[in-house]
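Read the structure below first, then the notes.
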Amino acid sequence: MILGEKLRTLRHQGGRTLREQSRLIGVSMNSVYRWEHGLSVPRKPLLKVIAGHYNVSLEWLLEDDSAASLVSEIEMNLLGMFRKMSDMSRYKVLGYVERMSLEERRMQELMY
């Protein structure tokens, strides 16, 4: 994924519109649009702000990993939904996932 795609994906995961994103970091909607479509690149100080808002590293933002993505689309979607949940709901989800993981391990042990 290249920088523009990462910026767009992060914005979508955060549930923000172009307008909301532009207000959040103090730039025009046109700037955000141009970044997301690879027509321009934000300066490093703005990239640091964006990375901070989405809790990702500046290195990850700048790294061109178009050959192999470390996180699948479904994982990115789950993360986006997870971030919108309350803390209480997050703990419920984690408990559910832990139970599912244990169940899958038990099933695999029974098969072998």
Side-chain angles (χ1 to χ4, degrees):
M1 201 179 322
I2 58 175
L3 177 61
E5 292 170 339
K6 289 179 182 182
L7 294 173
R8 184 172 41 253
T9 299
L10 289 171
R11 179 174 61 81
H12 285 203
Q13 287 175 352
R16 293 193 175 100
T17 64
L18 280 172
R19 174 169 288 152
E20 291 166 336
Q21 181 70 9
S22 66
R23 286 182 181 165
L24 181 71
I25 57 176
V27 298
S28 70
M29 284 192 321
N30 187 45
S31 292
V32 175
Y33 176 88
R34 292 178 58 77
W35 299 339
E36 291 182 359
H37 289 84
L39 303 172
S40 66
V41 177
R43 294 181 185 255
K44 194 170 185 176
L46 280 175
L47 284 172
K48 287 180 180 180
V49 170
I50 294 166
H53 280 293
Y54 292 107
N55 199 26
V56 297
S57 71
L58 180 61
E59 292 76 22
W60 179 80
L61 273 179
L62 295 173
E63 180 180 76
D64 182 1
D65 58 350
S66 54
S69 178
L70 298 177
V71 180
S72 72
E73 185 176 342
I74 194 166
E75 290 167 324
M76 295 292 279
N77 289 336
L78 284 169
L79 179 59
M81 288 184 270
F82 189 77
R83 286 181 172 168
K84 293 177 188 176
M85 293 179 174
S86 67
D87 285 342
M88 181 185 236
S89 293
R90 287 178 180 182
Y91 285 114
K92 287 180 182 178
V93 168
L94 287 174
Y96 177 75
V97 170
E98 286 174 356
R99 288 189 302 276
M100 286 185 66
S101 179
L102 283 172
E103 189 176 310
E104 283 201 15
R105 272 190 257 147
R106 286 184 191 137
M107 292 298 288
Q108 287 177 352
E109 288 172 2
L110 290 174
M111 292 176 72
Y112 295 105

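Worth knowing before you read on, the calculation uses all heavy atoms, side chains too, and leaves out hydrogens, waters and symmetry mates. Everything quoted here is computed from the prediction, not taken from an experiment.
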Q.
Test: side-chain hydrogen bond (donor to acceptor under 3.5 Å, both in side chains). Region: residues 83-95. Which pairs qualify, not counting sequence neighbours?
A. S86-S89

Q. Is there a side-chain contact between E63 and K6 (heavy atoms, below 4.5 Å)?
A. yes

Q. Hey, quick one: are V41 and L62 part of the same hydrophobic cluster, counting side-chain heavy atoms closer than 4.5 Å, chains of contacts allowed?
A. yes

**Q.** 4.5 Å side-chain heavy-atom contact, R34 and N30
**A.** yes

Q. Does any non-hydrogen side-chain atom of L7 lie less than 4.5 Å from one of L61?
A. yes

Q. Do the side chains of L79 and V93 join up, straight or via other hydrophobic residues, at under 4.5 Å, putting them in one cluster?
A. no

Q) Got a sec, which residues hit side-chain hydrogen bond (donor to acceptor under 3.5 Å, both in side chains) with R16, two or more places apart in sequence or on another chain? A) Y54

(Q) What's the separation between atom CE in M111 and atom CD in Q108, rounded to the nearest 0.5 Å? (A) 8.0 Å

**Q.** Closest non-hydrogen atom pair, V32 against L18
**A.** CG1-CD2, 3.4 Å

Q: Could you state whether F82 and W60 fall into the same hydrophobic cluster, counting links through intermediate Ile, Leu, Val, Met, Phe, Trp or Tyr residues with side-chain heavy atoms under 4.5 angstrom apart?
A: no

Q) Got a sec, which residues hit ring pair (Phe, Tyr, Trp, His ring centres under 6.0 Å) with Y33, two or more places apart in sequence or on another chain? A) H37

Q: If a pair satisfies side-chain hydrogen bond (donor to acceptor under 3.5 Å, both in side chains) and one of its residues is in residues 93-102, list it, with sequence neighbours excluded.
A: S101-R105

Q: Please identify each residue that fulfils side-chain hydrogen bond (donor to acceptor under 3.5 Å, both in side chains) with E36, with sequence neighbours left out.
A: R11

Q: For S22 and M29, work out which heavy atoms get closest and say how close.
A: OG-CG, 3.4 Å

**Q.** Pairing residues for S57 by the side-chain hydrogen bond (donor to acceptor under 3.5 Å, both in side chains) criterion, not counting sequence neighbours
**A.** none

**Q.** Co-membership, hydrophobic cluster, residues I25 and V56, 4.5 Å side-chain
**A.** yes

**Q.** L10 side chain near Q21 side chain, heavy-atom distance below 4.5 Å
**A.** no

Q. Measuring from M107:CE to L110:CG, what's the distance to the nearest 0.5 Å?
A. 6.5 Å

